[in-house]
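Everything on this sheet refers to the single structure shown next.
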Amino acid sequence: MTKAVLPKDFLWGFATASYQIEGAPTEDGRGPSIWDEFCKIPSKIADGSSGDVACDSYHRTAEDIALLKSTGARAYRFSISWSRIIPIGGRNDPVNPAGIAFYKKFVDDLLAEGIVPLVTLFHWDLPDGLDKRYGGLLNKEEFVADYAHYARTMFEAMPKVKHWITFNEPWCSSILGYNVGVFAPGRTSDRTKSPVGDSSRECWIVGHNLLLAHATAVKIYREEFKTKDGGEIGITLNGDAVYPWDPEDPLDIEAAERKLEFSISWFADPIYYGRYPESMIQQLGERLPTFTPEEAALVQGSNDFYGMNHYTANYIRHKTSAPDPADFLGNLETLFTSKSGTSIGPETQSSWLRPNPQGFRDLLVWISKRYGNPKIYCTENGTSVKGENDLPREQILDDEFRAEYFRGYIDALAKAVSEDGVDVRGYMAWSLMDNFEWADGYETRFGVTFVDYEGGQKRYPKKSAKIIGPLFEALIKED
Ligand code: GBH
(Lines give C-alpha, C1' and ligand atoms only; values in the text may rest on other atoms or scores of the structure.)
Protein backbone atom coordinates (compact mmCIF):
# COMPACT_ATOMS: atom_id res chain seq x y z
CA MET A 1 0.00 0.00 0.00
CA THR A 2 1.28 3.44 -0.95
CA LYS A 3 1.17 5.96 1.85
CA ALA A 4 -0.92 9.05 1.08
CA VAL A 5 1.51 11.94 1.49
CA LEU A 6 0.26 14.61 -0.93
CA PRO A 7 -2.26 17.28 0.13
CA LYS A 8 -5.88 16.56 -0.71
CA ASP A 9 -6.19 19.44 -3.17
CA PHE A 10 -3.02 18.37 -5.04
CA LEU A 11 -3.42 19.16 -8.74
CA TRP A 12 -2.14 16.57 -11.17
CA GLY A 13 -2.68 16.44 -14.88
CA PHE A 14 -1.01 17.13 -18.20
CA ALA A 15 0.55 20.07 -20.02
CA THR A 16 0.69 21.36 -23.59
CA ALA A 17 1.48 24.65 -25.36
CA SER A 18 -0.45 26.58 -28.01
CA TYR A 19 1.97 26.50 -30.92
CA GLN A 20 2.77 22.84 -30.32
CA ILE A 21 -0.83 21.59 -30.56
CA GLU A 22 -3.30 24.08 -32.01
CA GLY A 23 -2.66 24.40 -35.73
CA ALA A 24 -5.13 26.78 -37.47
CA PRO A 25 -2.52 29.55 -37.81
CA THR A 26 -4.70 31.96 -39.79
CA GLU A 27 -8.13 31.05 -38.51
CA ASP A 28 -10.54 33.49 -36.85
CA GLY A 29 -8.13 36.37 -37.17
CA ARG A 30 -4.99 34.91 -35.60
CA GLY A 31 -1.82 36.80 -36.55
CA PRO A 32 1.56 35.15 -37.17
CA SER A 33 3.96 34.44 -34.30
CA ILE A 34 7.75 34.31 -34.46
CA TRP A 35 7.47 30.51 -34.62
CA ASP A 36 5.33 30.63 -37.79
CA GLU A 37 8.07 32.72 -39.36
CA PHE A 38 10.99 30.69 -37.98
CA CYS A 39 9.55 27.43 -39.33
CA LYS A 40 9.53 28.91 -42.84
CA ILE A 41 13.33 29.23 -42.83
CA PRO A 42 14.82 26.11 -44.43
CA SER A 43 16.83 23.83 -42.10
CA LYS A 44 15.61 25.32 -38.81
CA ILE A 45 13.21 22.42 -38.07
CA ALA A 46 14.53 18.85 -38.25
CA ASP A 47 11.82 17.46 -40.53
CA GLY A 48 11.08 20.78 -42.26
CA SER A 49 7.71 20.89 -40.52
CA SER A 50 5.79 23.60 -38.64
CA GLY A 51 2.87 24.02 -36.28
CA ASP A 52 0.49 24.68 -39.20
CA VAL A 53 -1.62 21.63 -38.39
CA ALA A 54 0.10 20.08 -35.35
CA CYS A 55 -2.54 18.17 -33.34
CA ASP A 56 -5.34 20.29 -34.81
CA SER A 57 -6.40 21.05 -31.25
CA TYR A 58 -7.98 24.34 -32.28
CA HIS A 59 -10.73 22.21 -33.85
CA ARG A 60 -10.67 19.40 -31.31
CA THR A 61 -11.15 20.94 -27.90
CA ALA A 62 -13.98 18.52 -27.06
CA GLU A 63 -11.80 15.57 -28.03
CA ASP A 64 -8.90 16.87 -25.91
CA ILE A 65 -11.14 17.38 -22.90
CA ALA A 66 -12.59 13.87 -23.31
CA LEU A 67 -9.03 12.56 -23.45
CA LEU A 68 -8.13 14.39 -20.24
CA LYS A 69 -11.28 13.02 -18.63
CA SER A 70 -10.32 9.47 -19.61
CA THR A 71 -7.01 9.83 -17.75
CA GLY A 72 -8.74 11.07 -14.60
CA ALA A 73 -6.73 14.31 -14.68
CA ARG A 74 -7.65 16.93 -12.10
CA ALA A 75 -5.92 19.75 -13.99
CA TYR A 76 -4.71 20.81 -17.42
CA ARG A 77 -1.96 23.28 -18.21
CA PHE A 78 -2.22 24.92 -21.63
CA SER A 79 -0.96 28.17 -23.10
CA ILE A 80 -2.57 31.05 -24.92
CA SER A 81 -1.49 32.14 -28.35
CA TRP A 82 -0.97 35.90 -27.88
CA SER A 83 -1.46 36.51 -31.60
CA ARG A 84 -4.97 34.98 -31.44
CA ILE A 85 -5.84 37.61 -28.81
CA ILE A 86 -4.03 40.60 -30.32
CA PRO A 87 -3.04 39.62 -33.87
CA ILE A 88 -0.20 42.10 -34.23
CA GLY A 89 0.47 42.14 -30.52
CA GLY A 90 0.72 45.73 -29.31
CA ARG A 91 -1.16 47.70 -26.68
CA ASN A 92 -2.70 50.01 -29.26
CA ASP A 93 -3.50 47.26 -31.75
CA PRO A 94 -6.95 45.71 -32.12
CA VAL A 95 -8.02 42.94 -29.76
CA ASN A 96 -9.59 39.95 -31.54
CA PRO A 97 -12.87 38.92 -29.85
CA ALA A 98 -12.83 35.52 -31.60
CA GLY A 99 -9.50 34.67 -29.97
CA ILE A 100 -10.77 35.57 -26.53
CA ALA A 101 -14.01 33.63 -27.10
CA PHE A 102 -12.06 30.51 -28.04
CA TYR A 103 -10.08 30.36 -24.78
CA LYS A 104 -13.02 31.47 -22.63
CA LYS A 105 -15.12 28.63 -23.94
CA PHE A 106 -12.25 26.22 -23.48
CA VAL A 107 -11.90 27.22 -19.83
CA ASP A 108 -15.66 26.89 -19.32
CA ASP A 109 -15.66 23.46 -20.95
CA LEU A 110 -12.77 22.27 -18.78
CA LEU A 111 -14.44 23.52 -15.62
CA ALA A 112 -17.72 21.87 -16.62
CA GLU A 113 -15.80 18.57 -16.57
CA GLY A 114 -14.21 19.36 -13.23
CA ILE A 115 -10.74 19.97 -14.70
CA VAL A 116 -8.80 22.89 -13.23
CA PRO A 117 -7.09 25.10 -15.84
CA LEU A 118 -3.50 26.31 -15.33
CA VAL A 119 -2.94 28.95 -17.96
CA THR A 120 0.42 29.99 -19.39
CA LEU A 121 0.33 33.42 -21.00
CA PHE A 122 3.51 32.98 -23.00
CA HIS A 123 5.04 29.75 -24.22
CA TRP A 124 7.49 31.28 -26.72
CA ASP A 125 5.06 32.29 -29.51
CA LEU A 126 5.53 36.06 -29.56
CA PRO A 127 3.37 37.91 -32.10
CA ASP A 128 5.64 38.39 -35.09
CA GLY A 129 4.30 41.94 -35.44
CA LEU A 130 6.18 42.94 -32.29
CA ASP A 131 9.42 41.35 -33.41
CA LYS A 132 9.22 43.19 -36.73
CA ARG A 133 8.07 46.49 -35.20
CA TYR A 134 10.64 46.97 -32.47
CA GLY A 135 12.76 43.87 -31.98
CA GLY A 136 10.37 42.02 -29.68
CA LEU A 137 11.91 40.78 -26.44
CA LEU A 138 15.00 42.97 -26.92
CA ASN A 139 13.03 46.18 -26.45
CA LYS A 140 12.45 46.77 -22.75
CA GLU A 141 10.01 49.69 -22.77
CA GLU A 142 7.83 48.43 -25.62
CA PHE A 143 7.84 44.74 -24.78
CA VAL A 144 7.07 45.18 -21.09
CA ALA A 145 4.20 47.56 -21.85
CA ASP A 146 2.73 45.35 -24.58
CA TYR A 147 2.99 42.19 -22.49
CA ALA A 148 1.36 43.96 -19.54
CA HIS A 149 -1.55 45.00 -21.76
CA TYR A 150 -1.96 41.48 -23.15
CA ALA A 151 -1.82 39.97 -19.65
CA ARG A 152 -4.42 42.41 -18.33
CA THR A 153 -6.67 41.61 -21.28
CA MET A 154 -6.57 37.90 -20.37
CA PHE A 155 -7.02 38.46 -16.61
CA GLU A 156 -10.09 40.54 -17.41
CA ALA A 157 -11.48 38.00 -19.88
CA MET A 158 -11.00 34.88 -17.77
CA PRO A 159 -11.74 35.48 -14.08
CA LYS A 160 -12.46 31.76 -13.66
CA VAL A 161 -8.78 30.97 -14.14
CA LYS A 162 -7.18 30.68 -10.68
CA HIS A 163 -3.62 29.66 -11.68
CA TRP A 164 -1.71 31.95 -14.03
CA ILE A 165 1.80 31.38 -15.36
CA THR A 166 3.40 34.49 -16.85
CA PHE A 167 6.24 32.89 -18.84
CA ASN A 168 7.30 29.38 -19.71
CA GLU A 169 11.06 28.91 -19.37
CA PRO A 170 12.47 32.39 -19.97
CA TRP A 171 15.87 30.65 -20.15
CA CYS A 172 14.83 29.04 -23.44
CA SER A 173 13.48 32.25 -24.96
CA SER A 174 16.74 34.02 -24.03
CA ILE A 175 19.43 31.41 -24.65
CA LEU A 176 17.94 29.31 -27.43
CA GLY A 177 16.36 32.33 -29.18
CA TYR A 178 19.20 34.87 -28.80
CA ASN A 179 22.42 32.97 -28.07
CA VAL A 180 22.40 29.50 -29.63
CA GLY A 181 19.80 30.57 -32.20
CA VAL A 182 18.04 27.20 -32.46
CA PHE A 183 14.67 28.62 -31.38
CA ALA A 184 12.75 31.59 -32.82
CA PRO A 185 13.74 34.27 -33.56
CA GLY A 186 17.03 32.46 -34.15
CA ARG A 187 19.48 35.27 -33.37
CA THR A 188 23.08 34.29 -32.64
CA SER A 189 26.68 35.37 -33.25
CA ASP A 190 27.11 32.20 -35.30
CA ARG A 191 26.95 33.67 -38.81
CA THR A 192 26.43 30.23 -40.37
CA LYS A 193 23.04 30.26 -38.62
CA SER A 194 21.97 33.89 -38.66
CA PRO A 195 23.02 37.21 -40.23
CA VAL A 196 22.07 38.99 -37.00
CA GLY A 197 22.58 38.58 -33.28
CA ASP A 198 25.16 38.94 -30.50
CA SER A 199 25.35 35.85 -28.33
CA SER A 200 27.47 37.59 -25.73
CA ARG A 201 24.88 40.26 -24.93
CA GLU A 202 21.38 39.85 -26.32
CA CYS A 203 20.37 36.83 -24.24
CA TRP A 204 21.09 38.69 -20.98
CA ILE A 205 19.07 41.70 -22.12
CA VAL A 206 16.17 39.47 -23.09
CA GLY A 207 16.28 37.67 -19.73
CA HIS A 208 16.17 41.01 -17.94
CA ASN A 209 13.20 42.21 -20.00
CA LEU A 210 11.31 38.96 -19.39
CA LEU A 211 11.78 39.38 -15.63
CA LEU A 212 10.40 42.92 -15.80
CA ALA A 213 7.45 41.85 -17.95
CA HIS A 214 6.72 38.99 -15.54
CA ALA A 215 6.85 41.27 -12.51
CA THR A 216 4.71 43.93 -14.17
CA ALA A 217 1.99 41.38 -14.99
CA VAL A 218 2.11 40.05 -11.43
CA LYS A 219 1.71 43.57 -10.04
CA ILE A 220 -1.31 44.12 -12.28
CA TYR A 221 -2.86 40.81 -11.24
CA ARG A 222 -2.32 41.50 -7.55
CA GLU A 223 -3.59 45.07 -7.67
CA GLU A 224 -6.53 44.68 -10.01
CA PHE A 225 -7.68 41.04 -9.97
CA LYS A 226 -6.35 38.89 -7.16
CA THR A 227 -8.69 40.15 -4.46
CA LYS A 228 -11.84 39.67 -6.49
CA ASP A 229 -10.81 36.56 -8.45
CA GLY A 230 -8.83 34.83 -5.71
CA GLY A 231 -6.22 33.36 -8.03
CA GLU A 232 -2.45 33.04 -7.92
CA ILE A 233 0.33 33.83 -10.37
CA GLY A 234 3.93 32.77 -10.90
CA ILE A 235 6.59 31.97 -13.47
CA THR A 236 7.77 28.59 -14.77
CA LEU A 237 11.52 27.98 -14.89
CA ASN A 238 13.35 25.05 -16.44
CA GLY A 239 16.22 23.43 -14.60
CA ASP A 240 18.20 20.21 -14.91
CA ALA A 241 19.68 18.43 -11.89
CA VAL A 242 23.46 18.53 -11.46
CA TYR A 243 26.12 16.24 -10.02
CA PRO A 244 29.85 16.98 -9.98
CA TRP A 245 31.74 14.98 -12.62
CA ASP A 246 34.38 14.30 -9.97
CA PRO A 247 32.71 14.40 -6.55
CA GLU A 248 36.18 14.74 -4.96
CA ASP A 249 37.05 17.89 -6.89
CA PRO A 250 35.91 21.08 -5.13
CA LEU A 251 36.03 22.89 -8.49
CA ASP A 252 33.50 20.47 -9.99
CA ILE A 253 31.29 20.84 -6.92
CA GLU A 254 31.46 24.62 -7.34
CA ALA A 255 30.80 24.36 -11.07
CA ALA A 256 27.70 22.25 -10.42
CA GLU A 257 26.32 24.96 -8.15
CA ARG A 258 27.23 27.59 -10.74
CA LYS A 259 25.30 25.66 -13.41
CA LEU A 260 22.16 25.88 -11.26
CA GLU A 261 22.75 29.59 -10.77
CA PHE A 262 23.18 30.28 -14.49
CA SER A 263 20.02 28.37 -15.37
CA ILE A 264 17.64 28.73 -12.41
CA SER A 265 18.92 31.52 -10.15
CA TRP A 266 19.37 33.89 -13.13
CA PHE A 267 15.58 34.31 -12.83
CA ALA A 268 14.75 33.00 -9.36
CA ASP A 269 17.30 35.09 -7.39
CA PRO A 270 15.86 38.38 -8.72
CA ILE A 271 12.33 37.08 -8.05
CA TYR A 272 13.04 35.92 -4.49
CA TYR A 273 15.94 38.19 -3.51
CA GLY A 274 15.91 41.18 -5.90
CA ARG A 275 19.36 40.56 -7.38
CA TYR A 276 21.33 38.45 -9.86
CA PRO A 277 23.58 35.67 -8.54
CA GLU A 278 27.13 36.72 -7.73
CA SER A 279 28.60 34.04 -10.04
CA MET A 280 26.84 35.61 -13.04
CA ILE A 281 27.82 39.16 -12.11
CA GLN A 282 31.42 37.99 -11.86
CA GLN A 283 31.57 36.18 -15.16
CA LEU A 284 29.41 38.49 -17.27
CA GLY A 285 30.41 41.88 -15.85
CA GLU A 286 28.74 44.81 -17.62
CA ARG A 287 27.09 42.47 -20.13
CA LEU A 288 24.59 41.50 -17.45
CA PRO A 289 22.04 44.31 -17.13
CA THR A 290 21.62 45.86 -13.68
CA PHE A 291 18.36 46.45 -11.88
CA THR A 292 17.46 50.02 -10.97
CA PRO A 293 16.21 50.16 -7.36
CA GLU A 294 12.63 50.46 -8.71
CA GLU A 295 13.08 47.43 -10.97
CA ALA A 296 14.57 45.35 -8.17
CA ALA A 297 11.67 46.23 -5.89
CA LEU A 298 9.17 45.36 -8.62
CA VAL A 299 10.74 41.97 -9.34
CA GLN A 300 11.48 40.90 -5.77
CA GLY A 301 8.58 38.94 -4.31
CA SER A 302 6.79 38.51 -7.63
CA ASN A 303 5.91 34.80 -7.32
CA ASP A 304 2.86 33.33 -5.59
CA PHE A 305 4.29 29.92 -6.50
CA TYR A 306 7.36 28.47 -8.19
CA GLY A 307 6.61 26.69 -11.49
CA MET A 308 9.19 23.99 -12.10
CA ASN A 309 9.82 22.28 -15.43
CA HIS A 310 12.15 19.35 -15.03
CA TYR A 311 13.34 16.50 -17.25
CA THR A 312 16.92 15.39 -16.74
CA ALA A 313 20.31 15.58 -14.99
CA ASN A 314 23.96 16.13 -15.95
CA TYR A 315 27.43 15.62 -14.57
CA ILE A 316 29.24 18.94 -14.37
CA ARG A 317 32.93 19.42 -15.00
CA HIS A 318 34.61 22.77 -14.44
CA LYS A 319 36.63 24.45 -17.18
CA THR A 320 40.01 25.97 -16.48
CA SER A 321 40.22 28.30 -19.50
CA ALA A 322 38.78 31.83 -19.43
CA PRO A 323 35.04 31.83 -20.24
CA ASP A 324 34.05 32.29 -23.88
CA PRO A 325 32.06 35.53 -24.42
CA ALA A 326 29.15 33.44 -25.73
CA ASP A 327 29.20 31.07 -22.72
CA PHE A 328 25.88 30.78 -20.93
CA LEU A 329 26.51 27.74 -18.73
CA GLY A 330 28.96 29.22 -16.23
CA ASN A 331 32.24 28.07 -17.81
CA LEU A 332 31.72 24.34 -17.46
CA GLU A 333 30.87 21.21 -19.38
CA THR A 334 27.71 19.13 -19.07
CA LEU A 335 28.25 15.38 -19.41
CA PHE A 336 26.26 12.14 -19.23
CA THR A 337 29.07 10.06 -17.72
CA SER A 338 30.92 10.75 -14.48
CA LYS A 339 34.67 10.48 -13.89
CA SER A 340 34.23 6.98 -12.50
CA GLY A 341 32.27 5.96 -15.61
CA THR A 342 28.75 6.01 -14.17
CA SER A 343 26.05 6.90 -16.69
CA ILE A 344 23.47 9.48 -15.61
CA GLY A 345 20.67 7.48 -17.25
CA PRO A 346 19.52 5.69 -20.40
CA GLU A 347 19.31 7.40 -23.80
CA THR A 348 16.07 8.84 -25.12
CA GLN A 349 15.13 10.36 -28.49
CA SER A 350 16.21 13.79 -27.20
CA SER A 351 19.97 14.36 -27.20
CA TRP A 352 19.72 16.39 -23.97
CA LEU A 353 17.47 14.06 -21.99
CA ARG A 354 18.44 11.09 -19.80
CA PRO A 355 16.10 9.96 -17.04
CA ASN A 356 17.44 10.25 -13.49
CA PRO A 357 14.61 10.41 -10.93
CA GLN A 358 16.91 11.02 -7.96
CA GLY A 359 17.90 14.26 -9.68
CA PHE A 360 14.29 15.45 -9.48
CA ARG A 361 14.21 14.86 -5.72
CA ASP A 362 17.59 16.53 -5.19
CA LEU A 363 16.64 19.55 -7.30
CA LEU A 364 13.29 19.95 -5.51
CA VAL A 365 15.23 20.05 -2.24
CA TRP A 366 17.75 22.54 -3.66
CA ILE A 367 15.03 24.92 -4.92
CA SER A 368 13.10 24.59 -1.70
CA LYS A 369 16.13 25.43 0.44
CA ARG A 370 17.43 28.28 -1.67
CA TYR A 371 14.08 30.02 -2.03
CA GLY A 372 12.60 29.60 1.44
CA ASN A 373 10.35 26.57 0.92
CA PRO A 374 8.04 28.09 -1.71
CA LYS A 375 4.85 26.46 -2.90
CA ILE A 376 5.95 24.51 -5.99
CA TYR A 377 3.99 23.29 -8.97
CA CYS A 378 5.86 20.92 -11.22
CA THR A 379 4.49 22.36 -14.47
CA GLU A 380 6.26 19.90 -16.80
CA ASN A 381 7.98 16.53 -16.52
CA GLY A 382 8.25 13.80 -19.09
CA THR A 383 10.37 12.00 -21.64
CA SER A 384 10.78 11.04 -25.26
CA VAL A 385 11.62 7.42 -26.11
CA LYS A 386 14.53 6.46 -28.34
CA GLY A 387 13.30 5.36 -31.76
CA GLU A 388 9.63 5.61 -30.77
CA ASN A 389 8.53 7.20 -34.04
CA ASP A 390 9.82 4.21 -36.03
CA LEU A 391 8.17 1.50 -33.93
CA PRO A 392 5.03 -0.36 -34.99
CA ARG A 393 1.85 1.13 -33.54
CA GLU A 394 1.27 -1.57 -30.89
CA GLN A 395 4.74 -0.99 -29.49
CA ILE A 396 4.31 2.77 -29.44
CA LEU A 397 1.15 2.34 -27.40
CA ASP A 398 2.93 0.00 -24.98
CA ASP A 399 5.39 2.69 -23.83
CA GLU A 400 6.86 0.95 -20.82
CA PHE A 401 9.99 3.16 -20.92
CA ARG A 402 7.88 6.31 -20.47
CA ALA A 403 5.64 4.62 -17.88
CA GLU A 404 8.74 3.68 -15.88
CA TYR A 405 10.01 7.26 -16.18
CA PHE A 406 6.80 8.54 -14.60
CA ARG A 407 6.83 5.90 -11.85
CA GLY A 408 10.36 6.90 -10.89
CA TYR A 409 9.80 10.64 -11.04
CA ILE A 410 6.48 10.56 -9.21
CA ASP A 411 8.03 8.41 -6.49
CA ALA A 412 10.87 10.95 -6.22
CA LEU A 413 8.33 13.75 -5.88
CA ALA A 414 6.45 11.88 -3.13
CA LYS A 415 9.70 11.36 -1.21
CA ALA A 416 10.69 15.01 -1.58
CA VAL A 417 7.36 15.92 -0.01
CA SER A 418 7.15 13.28 2.72
CA GLU A 419 10.80 12.87 3.69
CA ASP A 420 12.37 16.22 2.78
CA GLY A 421 9.46 18.56 3.50
CA VAL A 422 9.29 20.16 0.04
CA ASP A 423 5.96 21.94 -0.56
CA VAL A 424 4.77 20.50 -3.89
CA ARG A 425 1.13 21.28 -4.76
CA GLY A 426 0.82 20.02 -8.29
CA TYR A 427 2.32 18.01 -11.13
CA MET A 428 1.69 18.27 -14.88
CA ALA A 429 3.12 15.56 -17.10
CA TRP A 430 4.54 16.68 -20.45
CA SER A 431 2.67 16.03 -22.56
CA LEU A 432 -0.99 15.18 -22.93
CA MET A 433 -0.22 14.15 -26.50
CA ASP A 434 2.55 13.96 -29.07
CA ASN A 435 3.01 17.37 -30.61
CA PHE A 436 5.27 19.76 -32.49
CA GLU A 437 8.56 19.38 -30.65
CA TRP A 438 9.99 22.75 -31.78
CA ALA A 439 13.29 22.39 -33.68
CA ASP A 440 12.92 18.59 -33.50
CA GLY A 441 9.64 18.70 -35.43
CA TYR A 442 7.33 15.67 -35.18
CA GLU A 443 9.97 12.92 -35.10
CA THR A 444 10.36 13.28 -31.36
CA ARG A 445 7.25 12.37 -29.38
CA PHE A 446 6.63 13.38 -25.75
CA GLY A 447 2.97 12.42 -25.50
CA VAL A 448 1.22 9.99 -23.20
CA THR A 449 -1.14 9.85 -26.18
CA PHE A 450 -0.08 8.87 -29.69
CA VAL A 451 -1.22 11.34 -32.34
CA ASP A 452 -1.60 9.80 -35.78
CA TYR A 453 -0.44 12.71 -37.94
CA GLU A 454 -0.96 10.75 -41.14
CA GLY A 455 -4.34 9.49 -40.04
CA GLY A 456 -6.15 12.77 -39.46
CA GLN A 457 -4.66 13.61 -36.04
CA LYS A 458 -6.59 10.87 -34.29
CA ARG A 459 -5.49 10.29 -30.67
CA TYR A 460 -4.59 6.91 -29.13
CA PRO A 461 -3.71 6.81 -25.41
CA LYS A 462 -0.45 5.00 -24.63
CA LYS A 463 0.15 2.90 -21.53
CA SER A 464 1.69 5.92 -19.78
CA ALA A 465 -1.63 7.80 -20.07
CA LYS A 466 -3.20 5.15 -17.88
CA ILE A 467 -0.63 4.71 -15.11
CA ILE A 468 -0.23 8.31 -13.89
CA GLY A 469 -3.74 8.72 -12.46
CA PRO A 470 -3.69 5.67 -10.19
CA LEU A 471 -0.22 6.63 -8.89
CA PHE A 472 -1.41 10.08 -7.82
CA GLU A 473 -4.77 9.01 -6.51
CA ALA A 474 -2.98 6.59 -4.18
CA LEU A 475 -0.57 9.32 -3.04
CA ILE A 476 -3.15 12.04 -2.38
CA LYS A 477 -4.74 12.26 1.07
CA GLU A 478 -8.48 11.88 1.23
CA ASP A 479 -9.06 14.67 3.72
C1 GBH B 1 10.18 21.92 -22.41
O2 GBH B 1 11.44 22.49 -22.18
C3 GBH B 1 9.27 22.87 -23.14
O4 GBH B 1 8.61 23.74 -22.24
C5 GBH B 1 8.25 22.14 -23.99
O6 GBH B 1 7.61 23.05 -24.83
C7 GBH B 1 8.93 21.04 -24.77
O8 GBH B 1 8.08 20.38 -25.66
C9 GBH B 1 9.49 20.05 -23.76
O10 GBH B 1 10.44 20.72 -23.00
C11 GBH B 1 10.22 18.87 -24.38
O12 GBH B 1 11.36 19.29 -25.04
O13 GBH B 1 19.01 22.97 -27.68
O14 GBH B 1 19.67 20.65 -27.56
O15 GBH B 1 20.67 22.29 -26.09
C16 GBH B 1 12.35 21.62 -21.56
C17 GBH B 1 13.66 22.25 -21.24
C18 GBH B 1 15.64 23.19 -21.99
C19 GBH B 1 14.93 21.15 -22.97
C20 GBH B 1 16.59 23.39 -23.09
C21 GBH B 1 15.92 21.34 -24.11
C22 GBH B 1 18.04 22.50 -24.66
C23 GBH B 1 18.24 21.49 -25.69
N24 GBH B 1 14.50 22.41 -22.41
N25 GBH B 1 17.04 22.14 -23.64
S26 GBH B 1 19.48 21.91 -26.84
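Order of appearance sets the numbers: ligands from 1, and atoms from 1 within every ligand.
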Under 3.5 Å, N or O to N or O, is Asn168 touching ligand 1 that way? yes
If we number the atoms of ligand 1 from 1 as shown, the ones under 4.0 Å from a heavy atom of Cys172 are 18 (C), 20 (C)
Please identify which atoms of ligand 1 are closer than 4.0 Å to at least one heavy atom of Asn238. 18 (C)
To atom 9 (C) of ligand 1, the nearest of Phe446, Tyr311, Phe183, Phe436 on a heavy-atom basis is Tyr311
Quick one: do Asp269 and Arg370 make a salt bridge, cutoff under 4.0 Å? yes
closest protein heavy atom to atom 15 (O) of ligand 1 is Leu176 CD2, 4.7 Å
Just to confirm my output: which protein heavy-atom neighbour is closest to atom 2 (O) of ligand 1, and how far is it? Glu169 OE1, 2.8 Å
In a check of side-chain hydrogen bond (donor to acceptor under 3.5 Å, both in side chains) between Glu232 and each of Lys375, Arg425, Lys162, which one passes? Lys375
Check: Gln20 N/O within less than 3.5 Å of ligand 1 N/O: yes
Which atoms of ligand 1 are found less than 4.0 Å from any heavy atom of Trp171? 20 (C)
Atom 3 (C) of ligand 1: closest protein heavy atom, distance to 0.1 Å, is Glu380 OE1, 3.3 Å
Less than 3.5 Å between some nitrogen or oxygen of Asn435 and one of ligand 1, yes or no? no
Under a 4.0 Å threshold between the charged nitrogen and the carboxylate oxygen, would Arg30 count as salt-bridged to Asp36? yes
Looking at atom 12 (O) of ligand 1, tell me if a protein heavy atom falls under 4.0 Å from it. yes
Given the options Arg393, Lys462, Arg445, Glu388 meets salt bridge (charged side-chain N to carboxylate O under 4.0 Å, His left out) only with Lys462
Per-atom contacts, ligand 1 versus Glu437 - under 4.0 Å to a heavy atom: 7 (C), 8 (O), 11 (C), 12 (O)
Does the side chain of Tyr409 reach to within under 4.5 Å of the side chain of Cys378, using non-hydrogen atoms? no
Looking only at side-chain N and O atoms, does Asn168 offer a donor or acceptor that is under 3.5 Å from a partner on Thr120? no
For Lys463, does the NZ atom have more than 12 heavy-atom neighbours from other residues, nucleotides or ligands under 6.0 Å away? yes
Is Arg402 reaching over with its side chain to a backbone N or O of Val448, donor-acceptor style, under 3.5 angstrom? no
Are any of the N/O atoms on Trp352, whether in the backbone or the side chain, positioned under 3.5 angstrom from an N/O atom of ligand 1? no
N/O donor-acceptor pair under 3.5 Å between Thr348 side chain and Leu353 backbone: yes
